[in-house]
Amino acid sequence: MDVFHVTDRLGRKLTGDSVIAYIEQSLGTWNGPARPAALEGLTALELTGADRTGLISEVFAVLADMDCSVVEARAWTHRGRLGCLVFLRDEEADTERMARIEARLSHLLRGGDSTSAGGLSGAVAAVPAAAVTHAERRLHQLMSADRDQERAASPTSAVSVQSWAERGYSVVTVQCRDRPKLLFDVVCTLTDMDYVVFHGTIDTTGDQAHQEFYIRHADGSPIRSEAERQRVSQCLQDAIERRSLEGVRLELCTADRPGLLSDVTRTFRENGLLVAQAEVSTKGDMASNVFYVTDAAGNTVNQSAIDAVRQRVGMDCLVAKEEHRPQLYQKAAPRDRGDGNGGIGGIGLFYLGNFVKRNLVSLGLIKSCS
């Protein structure tokens, strides 16, 4: 039996009947991967490469120049690398046309040098949108395959992997600042590494999250070596960091038009803003986009730069917001690690069934569960 205590992304109680009904329907009827109806019949472009100031702007400029209609997009940057998924309407996307689009984007991601390699290497692939069962999970897979974890950086969260030999488990513990979809990122990473989560505890205190998982390989064996333990720890660390929300949040809501993304992101670039993350979506004739921006060095943006961008794009349609960190569920008492559950702390055990991993956690709602 799985019990989840959830809020919305701002830490508020769920009150909307439509949201609650959607959760109930998803958990009760899900029986396999499914794409939203709005993405049916689209083509997905998967891009990875060395990040640089203005790269996302250049990507959207190429797509606009090729008369591509962007329906949805996700972009993350991490340790000097870019991962991006772009969904295109493909009424005119024949094989020859897609080959030209891929060639131009490949040239762009290599920094304009067809012989470049190593730090400037890039890759582009066009696949049916139906093959991308979850955009954000696919971004994790792309950036992991791009080996962004090999670029040294200071850790921002504590991840430990220990052995519980008596029971045949490996115990993974994550302690970091809480944020939406943290559980999704951790569990999907473990699943993509072919581990099975048998039990776990998820809890939050203030703005801190504590997660503990008891895992084995699919064949029932625990982690076998120190090298494997280090690999699991590093991959989880990177999965946590990739979605960490940095910079000023800019929300754009306006009528969609050809070249909109190219124009907006070019304005960011001309004012010295670096897009750390982007989430692009369209509904009907409206575009609803979210950008997290920093300066070129990854630091906080000056207010004057934000004001200049808003003046250019439109004060009414582009809104700047500092990312709000919710005040989360407060524990009434400290953890009791002597609760008779074999040393398992937190508020109890749970079993993560596939439908939970791929539905409820993907909504970014979970704050604690047992």
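The model shown is predicted, which means the values in this text are computed figures rather than measured ones.
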Inset, instruction - Kindly indicate, with the supporting measurements, whether the criterion salt bridge (Lys or Arg N to Asp or Glu O under 4.0 Å) is fulfilled by Arg104 and Asp65. - result: CA-CA 11 Å; Arg104 285 194 59 178; Asp65 187 57; 2.6 Å; yes
Inset, instruction - Please assess Leu88 against Val70 for the test side-chain contact (heavy atoms from CB on, under 4.5 Å), listing each intermediate value before the final yes or no. - result: CA-CA 5 Å; Leu88 306 176; Val70 177; 3.8 Å; yes
Inset, instruction - Show your working on side-chain contact (heavy atoms from CB on, under 4.5 Å) between Gln211 and Thr201 and close with a plain yes or no. - result: CA-CA 6 Å; Gln211 302 182 359; Thr201 60; over 6 Å; no
Inset, instruction - Dump the intermediate steps for salt bridge (Lys or Arg N to Asp or Glu O under 4.0 Å) on Arg79 and Asp238, then the final yes or no. - result: CA-CA 9 Å; Arg79 296 186 185 173; Asp238 293 313; 3.0 Å; yes
Inset, instruction - Could you give me the CA-CA distance, side-chain angles and deciding distance for Asp307 and Gln303, then say whether side-chain hydrogen bond (donor to acceptor under 3.5 Å, both in side chains) is met? - result: CA-CA 6 Å; Asp307 293 340; Gln303 185 60 45; 2.9 Å; yes
Inset, instruction - Tell me, with the steps shown, if Thr173 and Val159 meet side-chain contact (heavy atoms from CB on, under 4.5 Å). - result: CA-CA 6 Å; Thr173 304; Val159 179; over 6 Å; no
Inset, instruction - Check the pair Glu166, Trp164 against side-chain hydrogen bond (donor to acceptor under 3.5 Å, both in side chains), reporting the backbone distance first and the verdict last. - result: CA-CA 6 Å; Glu166 311 88 80; Trp164 192 14; 3.1 Å; yes
Inset, instruction - Please assess His210 against Val174 for the test side-chain contact (heavy atoms from CB on, under 4.5 Å), listing each intermediate value before the final yes or no. - result: CA-CA 6 Å; His210 179 92; Val174 175; over 6 Å; no
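Closest non-hydrogen pair, Ser262 versus Ala64, comes out as CB-CB, 4.1 Å. Nearest heavy-atom pair, Leu55 versus Ala50, reported as atom, atom and distance to 0.1 Å: CD2-O, 3.3 Å. The two residues Thr77 and Ala276 come nearest to each other via the heavy atoms OG1-O, 2.8 Å. Arg97 approaches Asp67 most closely through the heavy-atom pair NH2-O, 3.3 Å. Among all heavy-atom pairs drawn from Gly54 and Arg269, the shortest one is CA-CD, 3.6 Å. Annotation for Leu45 and Ala126: closest pair CD2-CB, 3.8 Å, computed over non-hydrogen atoms.
Residues passing the side chain to side chain contact (heavy atoms under 4.5 Å, CB included) test with Glu270, sequence neighbours excluded: Arg266, Arg312. Residues satisfying the salt bridge (Lys or Arg N to Asp or Glu O under 4.0 Å) test with Asp219, not counting sequence neighbours, are Arg224. For Phe291, the ring pair (Phe, Tyr, Trp, His ring centres under 6.0 Å) partners two or more places apart in sequence, or in a different chain, are Phe268. Every salt bridge (Lys or Arg N to Asp or Glu O under 4.0 Å) that Glu96 has, sequence neighbours left out, goes to Arg100. Remark: Arg229 pairs with Glu226 by the salt bridge (Lys or Arg N to Asp or Glu O under 4.0 Å) rule, at least two apart or across chains. Residues that satisfy the salt bridge (Lys or Arg N to Asp or Glu O under 4.0 Å) test with Asp185, not counting sequence neighbours, are Arg179, Arg243.
With a 4.5 Å cut-off on side-chain heavy atoms, Ile202 and Leu183 count as touching. For the pair Arg216 and Tyr195, the minimum side-chain heavy-atom distance is 4.5 Å or more. Contact check for Asp8 versus Leu14: side-chain heavy atoms found under the 4.5 Å cut-off. Val59 places a side-chain heavy atom less than 4.5 Å from the side chain of Leu108. Met98 has its side chain within reach of Thr43: a pair of non-hydrogen atoms, C-beta onward, lies under 4.5 Å apart. Val86 is listed as a side-chain neighbour of Leu47, based on a closest heavy-atom distance under 4.5 Å. Under the 4.5 Å side-chain criterion, counting only non-hydrogen atoms from C-beta, Ser163 is not in contact with Val171. Looking at Val196 and His217, their side chains never come closer than 4.5 Å, going by heavy atoms from C-beta outward.
Taking CD of Gln277 as the start and SG of Cys84 as the end, the distance is 11.5 Å to the nearest 0.5 Å. Between the NE2 atom in His107 and the CD atom in Glu102 there is a gap of 15.5 Å [rounded to 0.5 Å]. Atoms CG and CE, from Asp256 and Met286 in turn, are 9.0 Å apart once rounded to the nearest 0.5 Å. Interatomic distance, Arg74 CZ to Glu279 CD, rounded to the nearest 0.5 Å: 4.0 Å. Residue Leu236 holds its CG atom at 7.0 Å from CE of Met193, rounded to the nearest 0.5 Å. Separation of atoms NE2 (His134) and CG (Leu85) is listed at 11.0 Å; rounding is to 0.5 Å.
Thr254 contributes no side-chain N or O that, together with a main-chain N or O of Cys317, makes up a donor-acceptor pair within less than 3.5 Å. Of the possible donor and acceptor atoms, one in the side chain of Asp295 sits under 3.5 Å from a partner among the backbone N and O of Ala297. Panel note: side chain Thr205, backbone Gln208; no donor-acceptor pair is recorded below 3.5 Å. For Ser288 (side chain) and Ser281 (main-chain N/O), no donor-acceptor pair under 3.5 Å exists by modelled atom type.
When hydrophobic clusters are built by joining Ile, Leu, Val, Met, Phe, Trp and Tyr residues whose side-chain heavy atoms come closer than 4.5 Å, directly or via intermediates, Leu274 is not grouped with Leu261. Clustering ILVMFWY residues whenever any of their side-chain heavy atoms sit less than 4.5 angstrom apart, transitively, puts Val313 in a cluster other than the one holding Val319. A continuous path of ILVMFWY side-chain contacts below 4.5 Å connects Leu260 to Met66, so both sit in one hydrophobic cluster. Linking Ile, Leu, Val, Met, Phe, Trp and Tyr residues whenever their side-chain heavy atoms come within less than 4.5 Å places Leu139 and Val127 in a single cluster.
Around the CZ atom of Arg231, the shell of radius 6.0 Å holds no more than 12 heavy atoms that belong to other residues, nucleotides or ligands.
Look at Asp146 and Arg81 and you find a salt bridge, because one of the NZ, NE, NH1 or NH2 atoms lies within 4.0 Å of a carboxylate O, short of that distance. Ion pairing between a basic and an acidic side chain is recognised when a charged N comes within 4.0 Å of a carboxylate O; Arg137 and Asp192 show such pairing. Salt-bridge check for Glu251 with Arg249: passed, with a basic side-chain N closer than 4.0 Å to an acidic carboxylate O.
At a cut-off of 3.5 Å, with distance as the only test, a side-chain donor of Gln237 or Glu241 sits close to an acceptor on the other residue.
Annotation: Phe213 is not in aromatic contact with His199 [ring centroid separation under 6.0 Å not met].
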